Amino acid sequence: MKSYRIGVLKGDGIGPEIVQANLRILKAALSQFQESFVEYVESPIGFEAIHSHQDPVPASTIEELKKCHGWILGPHDSASYPEILTERRNPSGELRHTFDLFANIRPSQSLPGVQGLVQNVDLVIFRENTEGFYPDRNMYHGVGEWMITPEVAISTGVFTKKAITRIAHAAFQSAMERRRKVTIVHNANVIKLGSGLFLRTCQEVAKAYPHVTVEDLHIDAMAAHLIRRAGDFDVIVTENMFGDILSDLTGELVGSLGIAPSLNCNENQAMAQAAHGSAPDIAGQNIANPMGLILSTVMLFDWLYVKYHDDRLKKTAVLIRRTLDEMMKMNIKTKDLGGSETTTQFTDAFIQMMNQDK
Ligand code: ATP
């Protein structure tokens with residue numbers, strides 16, 4: 001029987017707390033099987049790696065991840081790294097770039113028992129992950145930002161047909177499995193060349209999916225439409241920065257940024273990463289919500305199932321997801337969702353409920 005190597009990167013801020021909660025839940029879910037088939041490979045990243053290797057993303061961590069089927073990444077607090085390191089790509093940007101994880105898939109779904117600002121939401125954002133308006137990751141070498149004088153800065157946006165084509169295919173393929181509707185989000189009325197290429201390329205890809213309804217909206221209008229009628233959207237495809245901003249918005253719309261998951265992937269590997277950051281304001285207090293990372297891990301196991309067709313992976317994902325829905329229905333929640341559970345209490349209750357359900 002096949003086994004899987006899963007990398008574990010704890011990260012900074014609330015990272016170690018939510019990664020630990022996540023691992024406890026994953027191990028409990030996997031204990032339903034007689035034989036263990038998941039090997040955990042822990043590697044340093046962020047502050048831990050700066051202390052041990054003087055590098056937030058050491059070469060040894062990259063080498064270990066190359067041998068993994070997928071991995072779980074805790075958030076990082078790269079804004080607080082020593083100044084000499086802040087000029088580099090941040091750890092998640094570095095991993096996305098190194099492994100060419102071109103698709104950042106960020107779903108937002110109304111959960112039972114969670115009072116969101118908008119009801120009946122079930123959408124997924126396909127965010128292009130390798131170029132666009134982020135100058136620290138849209139270059140092969142160096143950073144696409146310069147200061148001409150202390151008062152003049154130039155930041156590049158990069159848009160290539162190749163990168164747009166592959167994220168568009170990923171979005172349309174997902175739409176075929178869902179409600180068959182894709183919204184292309186762009187700003188082609190102003191950024192005529194870059195955003196124009198994004199829109200046109202997505203529209204060309206759409207021709208290969210005649211059963212999918214396609215619409216396009218400008219990024220500013222999209223922000224308003226999401227608040228007004230997020231429930232109408234199915235799959236959204238957009239460039240790197242627009243996707244990052246919209247997914248924070250949709251995360252909050254369905255309840256809390258703390259429950260927003262994401263998966264970074266290509267055809268070969270996938271990285272589970274909650275959409276939120278390292279939340280330094282609540283780090284070390286045992287109050288962080290681990291749900292965003294738990295749902296990201298469910299996405300990782302779903303992705304592994306699609307790739308390897310191993311029923312044990314699907315069963316693991318389904319069990320964790322079902323338990324999470326039960327937890328919400330029974331109002332067992334952390335503070336950000338109006339509950340009173342600490343991270344540890346939430347995790348204990350989760351495992352107890354999952355064990356009853358097995
Ligand atoms: P980054 O730039 O790294 O994405 P950020 O500055 O956007 O980070 P976050 O770290 O995501 O910010 O935090 C935004 C707010 O959401 C903070 O008030 C934080 O406490 C809260 N938050 C984020 N994640 C969680 C979580 N898992 N549980 C509870 N609250 C959270």
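Here, residue 1 is the first one in the sequence, and each next residue gets the next number. Whatever order the structure lists ligands and atoms in, that order sets their numbers, starting from 1. Note that the structure is predicted; figures quoted are calculated from it, not measured. As a basis for the values below, the full set of heavy atoms in this structure was taken, side chains included, without hydrogen atoms, waters or symmetry mates.
Judged purely by distance below 3.5 Å, without hydrogens or angles, the side chains of T250 and S108 pair a donor atom with an acceptor atom. For the residue pair Y209 and H169, a side-chain donor N or O sits within less than 3.5 Å of a side-chain acceptor on the partner. D136 and N90 are not linked by any side-chain donor-acceptor pair at a separation below 3.5 angstrom, with hydrogens and angles left out of the test.
Close approach of ligand 1 to I14 is summarised as follows: ligand atoms under 4.0 Å from at least one heavy atom of the residue are 26 (C), 27 (N). The contact set between ligand 1 and L257, taken as ligand atoms under 4.0 Å from a residue heavy atom, comprises 11 (O). Interface atoms of ligand 1 facing G258, defined by a heavy-atom separation under 4.0 Å, are 25 (C), 26 (C), 27 (N).
Residues R180 and T213 have side chains not in contact (no heavy-atom distance under 4.5 Å, counting atoms from C-beta outward).
Shortest contact from atom 7 (O) of ligand 1 to any protein heavy atom: D248 OD2, 4.3 Å. When hydrogens are left out, the protein atom nearest atom 3 (O) of ligand 1 is G277 CA, 3.4 Å; that is the closest non-hydrogen contact. Distance from atom 10 (O) of ligand 1 to its nearest protein heavy atom, with residue and atom name: A279 N, 2.8 Å. Of all protein heavy atoms, the one closest to atom 29 (C) of ligand 1 is I282 CD1, 3.6 Å.
Not one N or O of H76 is nearer than 3.5 Å to an N or O of ligand 1, by distance alone.
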Show every donor-acceptor pair shorter than 3.5 Å between a side-chain atom in residues 214-222 and any protein atom, with sequence neighbours excluded, or say none if there are none.
unit_1	atom_1	unit_2	atom_2	d
E215	OE2	T183	OG1	2.7
D216	OD2	H186	NE2	2.7

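For Q285 (side chain) and D281 (main-chain N/O), a donor-acceptor pair under 3.5 Å exists by modelled atom type.
In this structure, atom 17 (C) of ligand 1 has a protein heavy-atom contact shorter than 4.0 Å. Counting protein heavy atoms under 4.0 angstrom from atom 24 (N) of ligand 1 gives one or more.
Every residue two or more places apart in sequence or in another chain that forms a side chain to side chain donor-acceptor pair (under 3.5 Å) with S247 is listed here: R106.
Within the structure, the closest approach of S278 to ligand 1 falls below 4.0 Å when heavy atoms are considered.
Taken together through direct or relayed side-chain contacts under 4.5 Å among Ile, Leu, Val, Met, Phe, Trp and Tyr, V38 and L9 form parts of separate hydrophobic clusters.
Scanning D336, D281, T343, N289 for the heavy atom closest to atom 27 (N) of ligand 1 points to N289.
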